[in-house]
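Here's the structure, in structure tokens; my notes come after.
Values below: every heavy atom of this structure, side chains too, minus hydrogens, waters and symmetry copies. Residue numbering restarts at 1 for every chain, and letters A, B, ... go by the order of the sequence lines.
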Number of protein chains: 2
Amino acid sequence: MEVSEKKPFRELCNEHGIAVTHQRQVLYEVMKSMHGHPSPEEVYARVKKRIPAISLATVYKNIHLFVESGIFREVSVHHGSLRVEMNHRPHHHLVCSECKAIRDIDERELHLQPKQTRLSDGFLVERYSIDVIGLCPQCQAMQSVQ
Amino acid sequence: MEVSEKKPFRELCNEHGIAVTHQRQVLYEVMKSMHGHPSPEEVYARVKKRIPAISLATVYKNIHLFVESGIFREVSVHHGSLRVEMNHRPHHHLVCSECKAIRDIDERELHLQPKQTRLSDGFLVERYSIDVIGLCPQCQAMQSVQ
DNA sequence: TTCGCTGCAAAGGTTTTGCATCGGA
DNA sequence: TCCGATGCAAAACCTTTGCAGCGAA
């Protein structure tokens with residue numbers, strides 16, 4: 001499940017049909033060296049130390065490119081605007097990786113029922129929120145057509 | 001696990017120490033009648049039909065109030081800005097409901113390993129993304145102090 | 001040489017805030 | 001009456017876009 005193995009950046013770019021630019025290379029290296037869940041601004045601040053003239057727009061464009069290529073991943077598929085949950089029953093979400101549509105799935109239908117309430121590091125569990133990410137039937141049909 | 005039972009709105013407000021205003025009441029009723037995962041703009045459009053003079057700011061303020069009170073819930077705890085995942089190993093997230101801190105937890109440590117790849121409605125599973133929502137040790141300590 | 005990439009600045013979308021006024025308790 | 005709630009407008013973010021010039025292939 002490793003997303004990017006130790007592969008030269010040039011090779012990664014060839015695979016995805018993108019040009020190897022200096023900005024892109026440094027951005028990639030800086031990102032690989034970071035930990036946690038940085039925001040584009042945080043990545044930008046780090047890259048600026050090595051390329052002071054780089055623009056935030058370039059950072060955004062390339063982060064998107066990396067995410068689309070599967071080189072990096074977003075922490076959440078729901079990072080857009082605020083959405084309110086109208087289904088008050090215990091359920092989780094089926095999120096289509098293509099069209100981003102969200103469908104609810106009943107908790108029992110997932111055949112997953114976690115029991116722990118306290119993890120080893122002391123974290124006190126209130127609830128689990130599960131996103132099942134994949135392809136909805138419509139997008140599967142689209143893919144087989146193309 | 002029902003978040004809001006059939007309880008008069010006035011009672012709900014008393015419990016949470018908030019005033020019962022006309023706007024708030026209509027907003028609540030309109031939201032309860034909606035399905036899916038509406039955005040504040042969508043809620044605003046609906047409420048405007050009954051209170052044409054209502055402002056979007058009021059809708060935002062009250063949605064937040066409802067979410068903080070537990071009357072409604074957000075679809076995702078990560079609705080803010082884009083975050084990039086730096087941990088390339090299979091893992092999930094511990095998200096503190098107080099301070100919003102995100103910590104990674106190894107997939108195996110969760111003792112959950114779903115096996116299905118296709119659900120009954122045809123949805124093709126690519127991966128599971130699990131947020132374990134609860135209180136981190138620091139916030140638990142904070143709560144017991146206050 | 002060509003087409004994609006970059007930097008800049010401006011625009012766009014979403015959400016928050018300050019403030020005067022209004023209204024529920 | 002009083003303090004919280006509202007509406008408005010402006011500001012504050014975060015992100016995207018248009019475009020002229022630059023640079024990788």
Atom pair distance, as rounded to whole Å: CD1 in I18(A) and C1' in dG4(C): 11 Å
Whole angstrom value for the distance that separates C1' of dG4(D) from CG of L65(B): 11 Å
Any T21(B) side-chain N or O less than 4.0 Å from OP1/OP2 of dT6(D): yes
Any N14(A) side-chain N or O less than 4.0 Å from OP1/OP2 of dA25(D): no
E42(A) side-chain N/O to S39(A) backbone N/O, donor-acceptor pair under 3.5 Å: yes
Touch class at under 4.0 angstrom, heavy-atom based, for L82(A) against every strand present: sugar-phosphate
OP1 or OP2 of dG7(C) under 4.0 Å from side-chain N/O of S55(A): yes
Parallel, tilted or perpendicular: rings of H91(B) and H93(B) (30°, 60°): perpendicular
Rounded distance (Å) that lies between atom C1' of dT16(C) and atom NE2 of H64(B): 9 Å
Protein-nucleotide distance (E41(A), atom CD; dT16(D), atom P), rounded to Å: 13 Å
Residue whose closest nucleotide on DNA chain D lies nearer the 5' end, G80(B) versus I51(B): I51(B)
Proximal nucleotide (of dC14(D), dC5(C), dT6(D)) relative to the N62(B) side chain: dT6(D)
Touch class at under 4.0 angstrom, heavy-atom based, for A57(B) against every strand present: base
Distance, rounded to the nearest Å, where Q23(A) contributes CD and dG4(C) contributes C1': 13 Å
Interatomic distance, H22(A) NE2 vs dA24(D) P [rounded to whole Å]: 10 Å
dG4(C) OP1/OP2 closer than 4.0 Å to side-chain N/O of R24(A): no
Closest-nucleotide ordering on DNA chain C, the 5'-leading residue of T58(A) and S39(B): T58(A)
Nearest-Å distance for atom pair CD1/C1', residues I54(A) and dC5(C): 11 Å
Side-chain donor/acceptor contact of K61(B) with base of dG4(D) under 3.5 Å: no
Member of L12(A), L65(A), N62(A) meeting the side-chain contact (heavy atoms from CB on, under 4.5 Å) criterion with I18(A): L65(A)
H37(B) and D104(A) side chains, donor-acceptor separation under 3.5 Å: yes
Nearest-Å distance for atom pair NE2/P, residues H16(A) and dG4(C): 18 Å
Main-chain N/O of H78(B) paired to S76(B) side chain as donor or acceptor, under 3.5 Å: yes
side-chain N/O Y60(A) vs dT16(D) OP1/OP2, d < 4.0 Å: no
